[in-house]
Asks: 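Below is one structure. I have some questions about it.
Here, residue 1 is the first one in the sequence, and each next residue gets the next number.
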Amino acid sequence: MSDEDIYLKNYDYKLDENLIAKYPSIPKEEGRLLVYERSKDKISHLKFKDLCEILPPCVLVFNDSKVIKARIFGKKESGAKCELFFHRAENDFEFIVQIKARVKKEDILLFDEGARARVLELFEDGLRKVEFFKKERLNHKDILAFLEKNGHMPLPPYIKREDEKEDLFLYQSIFAKNLGSVAAPTASLHFSKEMMKELEKKHKIYYLSLHIGAGTFKNVECEKILEHKMHEEAFFIDEKLEKILLSKEKILAIGTTSARTIENFIRTKQREGLCSLFLHPKNPPKRVDYLLTNFHLPKSSLIMLVSAFIGRKKTLELYDLAIKQGYKFYSYGDAMLIL
């Protein structure tokens with residue numbers, strides 16, 4: 001890692017807004033795929049459907065976390081409109097949220113079905129602690145069920161449109177099953193049922209769960225990236241995947257969340273808990289061999305994670321090329337494969 005790799009300013013790039021994908025490719029396989037082969041220093045421009053044909057022997061590891069309908073709309077007791085964005089459970093009866101409205105401690109917010117939220121605490125970073133109740137306090141399971149029925153999909157802030165009915169399945173992987181994320185593991189969004197069947201003919205497929213928090217959208221703000229403190233996200237790895245991770249099989253991580261969870265396990269040997277691992281050029285991967293990922297925000301921990309695999313200069317070189325070639329960026333955008 002050179003001295004230049006330490007500084008946040010050196011992970012910046014410029015992107016025209018028209019390259020930010022507002023909708024995904026339909027059909028999914030028609031999205032674009034930039035392939036970088038490290039051993040040959042070779043770059044290829046393909047369609048995502050070509051992935052099945054070009055992968056070397058390896059096992060694929062996906063994140064099966066399911067996105068919560070984390071946004072709900074309501075009003076204050078005064079009648080003023082408000083929006084609440086669910087982040088995570090602090091415990092079974094207290095929750096960390098964002099609220100789009102000016103609130104103070106003990107304020108009550110009103111939602112559908114007679115549900116109410118009481119503001120318990122205000123934090124300096126803009127987050128709020130609340131409890132929910134109807135006649136009695138609602139627990140974590142109650143809240144997840146309420147959000148699933150009444151909430152909206154939490155599209156990322158850079159997709160500048162309201163969520164639509166189609167986002168209920170477009171912003172959710174086809175194998176999502178463990179409810180808990182407030183953002184999609186976006187590399188997984190490219191896969192259709194047909195493509196998964198094709199992959200299963202040649203490759204073993206495994207799943208882990210990492211519940212993505214809203215902190216994934218938070219920019220690194222420290223001038224020196226080594227001072228950045230990563231957010232914590234709950235994860236789970238089963239015994240079948242544990243055996244693979246402890247073997248010598250080649251591994252393709254589908255997405256940055258899978259990569260971080262695998263690398264966290266290699267360092268801690270913990271199959272469940274909270275992951276706050278920060279991968280960057282000074283903390284490169286020890287176990288993941290290949291990475292499939294989307295194109296990420298400038299100055300984000302995710303572009304630093306890609307740099308951990310191929311170096312900062314090569315990452316920015318590939319991003320510059322992708323921009324010139326008109327690739328679509330971010331959650332609904334195109335993909336990059338690092339071999």
Side-chain angles (χ1 to χ4, degrees), residues 1-15 63 65 85 87-90 96-98 121-129 154 156-158 180-183 185-187 208 210-235 253 255-270 272-288 291 293-320 329-331 336 338:
M1 185 176 187
S2 73
D3 286 345
E4 289 185 347
D5 293 341
I6 294 171
Y7 292 98
L8 176 64
K9 65 182 181 182
N10 295 324
Y11 291 87
D12 200 7
Y13 68 89
K14 298 242 184 318
L15 183 72
N63 182 3
S65 183
F85 187 101
H87 276 232
R88 58 184 169 83
E90 181 88 335
I96 304 301
V97 304
Q98 276 178 299
E121 203 166 340
L122 305 153
F123 300 109
E124 288 184 5
D125 61 2
L127 295 177
R128 310 312 188 205
K129 183 190 289 186
Y158 44 73
S181 284
V182 299
T186 54
L208 54 77
L210 179 121
H211 295 314
I212 304 165
T216 192
F217 298 121
K218 190 176 179 182
N219 280 349
V220 177
E221 295 176 349
C222 307
E223 183 183 352
K224 295 181 179 179
I225 68 167
L226 301 184
E227 296 169 5
H228 176 64
K229 190 175 188 300
M230 285 287 284
H231 54 287
E232 293 182 329
E233 295 165 318
F235 72 93
T256 58
T257 58
S258 293
R260 287 180 59 238
T261 309
I262 292 166
E263 292 296 329
N264 185 74
F265 170 80
I266 292 303
R267 289 158 173 75
T268 66
K269 297 300 183 287
Q270 292 178 340
E272 60 183 305
L274 294 174
C275 176
S276 58
L277 180 64
F278 182 20
L279 293 173
H280 51 71
K282 199 161 185 174
N283 187 24
K286 297 179 179 181
R287 181 65 184 91
V288 175
L291 176 69
T293 186
N294 282 22
F295 295 96
H296 303 290
L297 291 160
K299 295 185 176 181
S300 65
S301 64
L302 301 179
I303 197 170
M304 294 164 194
L305 182 150
V306 176
S307 300
F309 279 82
I310 59 175
R312 179 183 59 84
K313 287 184 178 179
K314 180 56 70 174
T315 299
L316 293 175
E317 178 189 321
L318 294 178
Y319 271 52
D320 184 56
F329 275 58
Y330 308 157
S331 296
M336 177 166 70
I338 298 170

Asks: Go through the structure and list residues passing side-chain contact (heavy atoms from CB on, under 4.5 Å) with Ser65, not counting sequence neighbours.
Replies: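 Expected list: Asn63, Ser181, His211.
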Asks: Pick one: which of Asp5, Val220, Val306 meets side chain to side chain contact (heavy atoms under 4.5 Å, CB included) with Tyr11?
Replies: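 By the side chain to side chain contact (heavy atoms under 4.5 Å, CB included) criterion, Tyr11 pairs with just one of Asp5, Val220, Val306: Asp5.
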Asks: Can you find a heavy atom in the side chain of Ile225 that is under 4.5 Å from one in the side chain of Lys299?
Replies: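 Side chain of Ile225 against side chain of Lys299, heavy atoms only: no contact under 4.5 Å found.
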Asks: With sequence neighbours excluded, what pairs up with Thr261 under the side chain to side chain donor-acceptor pair (under 3.5 Å) test?
Replies: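 Testing Thr261 for side chain to side chain donor-acceptor pair (under 3.5 Å), a comparison that skips the adjacent residues, returns none.
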Asks: Starting at OG of Ser301, measure out to CG of Leu279 and round the result to the nearest 0.5 Å.
Replies: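 Going from OG on Ser301 over to CG on Leu279, the span is 9.5 Å.
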Asks: Val288 and Glu263: which non-hydrogen atoms are nearest, and at how many Å?
Replies: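 Scanning both residues, the minimum pair turns out to be N-OE2, 2.8 Å.
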Asks: Using the test side chain to side chain donor-acceptor pair (under 3.5 Å), find all partners of Glu4 that sit at least two apart in sequence or belong to another chain.
Replies: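 Testing Glu4 for side chain to side chain donor-acceptor pair (under 3.5 Å), a comparison that skips the adjacent residues, returns Arg312.
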Asks: For Phe235 versus Gln270, what's the shortest heavy-atom pair and its separation?
Replies: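 Residues Phe235 and Gln270, closest heavy atoms: CE1-O, 3.4 Å.
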Asks: So, using ring pair (Phe, Tyr, Trp, His ring centres under 6.0 Å) as the criterion, who are the partners of Phe85 when residues are at least two apart?
Replies: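 Scan of Phe85 (ring pair (Phe, Tyr, Trp, His ring centres under 6.0 Å), adjacent residues dropped) gives His87.
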Asks: Using the salt bridge (charged side-chain N to carboxylate O under 4.0 Å, His left out) criterion, which residues pair with Glu317? Sequence neighbours excluded.
Replies: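 With sequence neighbours excluded, Glu317 shows a salt bridge (charged side-chain N to carboxylate O under 4.0 Å, His left out) to Lys314, given in chain and number order.
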Asks: So, using salt bridge (charged side-chain N to carboxylate O under 4.0 Å, His left out) as the criterion, who are the partners of Asp12 when residues are at least two apart?
Replies: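 None.
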Asks: Which heavy atom of Leu316 sits nearest to which heavy atom of Asn10, and what is that distance?
Replies: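 That would be CD1-O, 3.3 Å.
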Asks: Among residues at least two apart in sequence or on other chains, which ones pass side-chain contact (heavy atoms from CB on, under 4.5 Å) with Lys269?
Replies: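 Only Leu246, Phe265 meet the side-chain contact (heavy atoms from CB on, under 4.5 Å) criterion with Lys269.
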Asks: Any salt bridge (Lys or Arg N to Asp or Glu O under 4.0 Å) pairs touching residues 221-233, not counting sequence neighbours?
Replies: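 For residues 221-233, and leaving out neighbouring residues, the salt bridge (Lys or Arg N to Asp or Glu O under 4.0 Å) pairs sorted by first residue read Glu233-Arg260.
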Asks: Side chains of Leu291 and Leu305, heavy atoms from C-beta outward: is any pair under 4.5 Å?
Replies: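 Answer yes - side chains close enough.
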Asks: Looking at CG of Leu318 and CZ of Phe295, how far apart are the two atoms once the value is rounded to the nearest 0.5 Å?
Replies: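 Rounded to the nearest 0.5 Å, the CG-CZ separation comes to 7.5 Å.
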Asks: Less than 4.5 Å apart, any side-chain heavy atom of His296 and any of Thr256?
Replies: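 A side-chain contact under 4.5 Å exists here.
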Asks: With Leu122, which residues qualify under side-chain contact (heavy atoms from CB on, under 4.5 Å), at least two apart?
Replies: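 Applying side-chain contact (heavy atoms from CB on, under 4.5 Å) to Leu122 gives Val103, Val119, Arg128.
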Asks: Run the salt bridge (charged side-chain N to carboxylate O under 4.0 Å, His left out) test against Glu121 and tell me which residues pass, sequence neighbours left out.
Replies: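 Salt bridge (charged side-chain N to carboxylate O under 4.0 Å, His left out) list for Glu121, sorted by chain: Lys129.
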Asks: Identify, with sequence neighbours excluded, every residue that meets side-chain contact (heavy atoms from CB on, under 4.5 Å) alongside Leu297.
Replies: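 Only Tyr158, Ser300, Tyr330 meet the side-chain contact (heavy atoms from CB on, under 4.5 Å) criterion with Leu297.
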Asks: Let me confirm one number: the CZ-NE2 distance from Phe278 to His231, rounded to the nearest 0.5 Å.
Replies: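 One finds 11.0 Å between CZ of Phe278 and NE2 of His231.
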Asks: State, to 0.1 Å, how close Asn283 and Ala308 come at their nearest heavy-atom pair, and which atoms those are.
Replies: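 Answer, listing the atom of Asn283 first, then Ala308: O-CB, 4.2 Å.
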